[in-house]
**Student:** 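Sharing a structure here in structure tokens format.
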Number of protein chains: 2
Amino acid sequence: MSLSQKCQYALRAILELAKRQGPGPTTTAEIAEAQGIPPRFLELILGQLRHGGFVESRRGVRGGYLVQRSPQALTVGEVIRFIDGAVAPVRCLAGRKGTDCPLFGSCAFMGMWTRARDAVADVYDTTTFQDLIDEELAVAEGYVASYCI
Amino acid sequence: MSLSQKCQYALRAILELAKRQGPGPTTTAEIAEAQGIPPRFLELILGQLRHGGFVESRRGVRGGYLVQRSPQALTVGEVIRFIDGAVAPVRCLAGRKGTDCPLFGSCAFMGMWTRARDAVADVYDTTTFQDLIDEELAVAEGYVASYCI
DNA sequence: ATTATCCCGATTGAGTCAATAGGGATTTGG
DNA sequence: CCAAATCCCTATTGACTCAATCGGGATAAT
């Protein structure tokens with residue numbers, strides 16, 4: 001029940017770009033530095049995100065990456081599904097290869113798996129990157145406040 | 001975001017035993033047959049469930065396994081945590097080794113991960129094995145009904 | 001005593017995943 | 001036009017996890 005490391009890096013990378021909207025592109029190295037991601041691995045991930053239309057790239061000197069979609073309109077769920085595939089607690093619900101469950105149709109667990117999947121999917125699909133930016137500010141303020149007290 | 005095969009086998013095995021309450025013990029072979037589980041692997045899993053106090057064993061001829069806890073009082077969540085460990089969408093929430101997130105405390109995602117975990121945990125913790133038995137009957141009837149129409 | 005069954009430790013084999021490597025293409029700036 | 005910075009693509013490694021199997025030991029009913 002866990003997302004791949006790659007997926008978490010992807011989310012953090014997009015968040016970083018969303019935070020840096022406005023000025024020019026941000027380089028792989030800057031994102032890697034800011035988010036603690038292995039630079040070479042990040043390169044791979046950004047390439048994939050580019051193919052998915054999540055980010056835009058500029059090549060050459062002064063190049064880098066930009067968010068392609070508005071943080072208000074991009075949900076975490078979309079990114080997760082793109083990188084890791086379907087959100088599902090068990091393989092037979094993911095619809096991948098090997099739907100080899102011998103209980104097809106008469107599975108007592110199916111209802112529960114579906115409910116679990118829908119519950120998580122709802123959380124991911126209702127969280128936008130703008131929400132995360134707001135959250136980060138709130139968390140930071142919260143920490144300052146706790147120091148004051 | 002998926003449970004191990006082992007965990008699913010464990011759940012199915014316990015369900016099978018719960019359905020067979022009353023008469024004597026059920027052998028590994030019978031459970032394996034009924035639930036489509038590799039027999040030798042099932043042996044391993046039942047041993048583990050026994051150590052966890054979920055099932056009881058009888059050795060020798062006419063031996064086998066019995067549920068040790070009432071299906072009304074045993075939740076799916078308990079079994080999942082025992083076999084697979086903490087239910088969590090990301091490693092840093094599972095509290096295992098390698099809480100190596102470089103964002104400790106200032107992580108914008110933490111709130112969302114927590115919400116996702118709680119949502120799934122709630123589903124698992126509110127589903128008992130009795131619920132699954134009832135569900136299985138309902139599903140079976142549902143299929144009959146759909147054939148009638 | 002024999003047989004059915006659980007019991008335990010070790011091990012294999014396959015597969016996934018995180019991460020790295022090498023070298024190519026493109027753009028800016030001088 | 002050259003050089004540096006940067007993205008771009010494919011392949012590969014190494015580590016680790018996980019599903020499954022094996023061999024043989026202990027126990028209990030008949």
Side-chain angles (χ1 to χ4, degrees), chain A residues 1-13 17 24-33 35-52 54-66 68 80 83-85 90-92 94 96-98 100-102, chain B residues 1-13 17 24-33 35-52 54-66 68 80 83-85 90-92 94 96-98 100-102:
Chain A
M1 156 93 194
S2 67
L3 299 181
S4 69
Q5 192 67 15
K6 184 177 175 184
C7 186
Q8 293 179 61
Y9 288 157
L11 294 171
R12 302 222 297 260
L17 289 177
T26 309
T27 65
T28 301
E30 288 170 323
I31 300 170
E33 168 80 12
Q35 292 286 336
I37 303 172
R40 220 60 207 276
F41 194 22
L42 178 58
E43 221 176 287
L44 200 70
I45 295 164
L46 285 168
Q48 199 171 334
L49 289 174
R50 183 179 133 260
H51 281 118
F54 295 95
V55 304
E56 188 191 335
S57 68
R58 299 275 170 78
R59 289 166 78 149
V61 177
R62 298 261 183 112
Y65 290 90
L66 300 149
Q68 188 148 33
I80 292 178
I83 299 287
D84 270 2
V90 291
R91 213 172 295 158
C92 64
R96 300 200 214 191
K97 60 169 184 180
D100 48 359
C101 179
Chain B
M1 156 96 195
S2 67
L3 300 180
S4 69
Q5 192 67 15
K6 183 178 174 183
C7 187
Q8 294 179 61
Y9 288 158
L11 294 171
R12 301 223 296 259
L17 289 176
T26 309
T27 66
T28 302
E30 287 170 322
I31 301 170
E33 166 80 11
Q35 291 287 336
I37 304 172
R40 220 61 205 276
F41 193 24
L42 178 59
E43 222 176 284
L44 198 70
I45 296 164
L46 285 168
Q48 199 171 336
L49 289 174
R50 184 179 132 262
H51 281 117
F54 295 95
V55 303
E56 187 191 335
S57 68
R58 299 273 170 80
R59 289 167 77 151
V61 177
R62 298 264 182 109
Y65 290 90
L66 300 149
Q68 187 149 34
I80 291 177
I83 298 289
D84 270 1
V90 291
R91 213 173 295 158
C92 64
R96 301 200 214 191
K97 59 170 185 181
D100 49 358
C101 178

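Lettering of chains follows the sequences in order, A, B, ..., and the numbering in each one begins at 1.
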**Student:** Can you measure B/Arg58 atom CZ to C/dC6 atom P for me and round it to whole angstrom units?
**Tutor:** 12 Å
**Student:** Give the C-alpha distance, both sets of side-chain angles, the deciding distance and a yes or no for side-chain contact (heavy atoms from CB on, under 4.5 Å) between A/Arg91 and B/Ser2.
**Tutor:** CA-CA 7 Å; A/Arg91 213 172 295 158; B/Ser2 67; 5.7 Å; no
**Student:** Taking OH from A/Tyr9 and P from C/dA18, how many angstroms apart are they, rounded to a whole number?
**Tutor:** 8 Å
**Student:** Categorize A/Arg40 for me: base, sugar-phosphate, or nothing, with a 4.0 angstrom heavy-atom threshold over every strand shown.
**Tutor:** base
**Student:** Looking only at the side chain of A/Arg50 (C-beta and beyond, no hydrogens), which of the listed nucleotides D/dC8, D/dA29, C/dT5 gets closest?
**Tutor:** D/dC8
**Student:** Considering the options B/Ile37, B/Leu17, B/Leu42, which one meets the side-chain contact (heavy atoms from CB on, under 4.5 Å) requirement together with B/Arg12?
**Tutor:** B/Ile37
**Student:** Tell me the interatomic distance from B/Arg59, atom CZ, to D/dG24, atom P, rounded to whole angstroms.
**Tutor:** 18 Å
**Student:** For A/Ile83 versus A/Ala10, what's the shortest heavy-atom pair and its separation?
**Tutor:** CG1-CB, 4.0 Å
**Student:** To the side chain of B/Pro38, which of D/dT21, C/dA18, C/dC8 is closest?
**Tutor:** D/dT21
**Student:** Without decimals, in angstroms, what is the distance between A/Glu43 CD and D/dA11 P?
**Tutor:** 17 Å
**Student:** DNA chain C: B/Leu44 or B/Ser57, which has the more 5' nearest nucleotide?
**Tutor:** B/Ser57
**Student:** Tell me which of A/Cys7 and A/Gly60 sits closer to the 5' end of DNA chain C, going by the nucleotide each one is nearest to.
**Tutor:** A/Cys7
**Student:** For B/Gln48 and C/dC6, what is the distance between atoms CD and P respectively, to the nearest whole Å?
**Tutor:** 17 Å
**Student:** For A/Leu46 and A/Thr28: C-alpha separation, side-chain torsions, deciding distance, then whether side-chain contact (heavy atoms from CB on, under 4.5 Å) applies.
**Tutor:** CA-CA 8 Å; A/Leu46 285 168; A/Thr28 301; 4.0 Å; yes
**Student:** Atom CD1 of B/Ile45 to atom C1' of C/dC8: distance rounded to whole Å?
**Tutor:** 15 Å
**Student:** Within this structure, what is the CG-to-C1' distance between A/Leu42 and D/dC8, rounded to whole angstrom?
**Tutor:** 14 Å
**Student:** Could you tell me the separation between the OG1 atom of A/Thr26 and the CZ atom of A/Arg58, rounded to the nearest 0.5 Å?
**Tutor:** 11.0 Å
**Student:** So, is A/Thr28 near the phosphate of D/dC7, with a side-chain N or O under 4.0 Å from OP1 or OP2?
**Tutor:** yes
**Student:** Roughly, in whole Å, what's the span from CZ in B/Arg62 to P in C/dA4?
**Tutor:** 13 Å
**Student:** Tell me which nucleotide among C/dA18, C/dT28, D/dA20 gets nearest to the side chain of B/Phe41.
**Tutor:** D/dA20
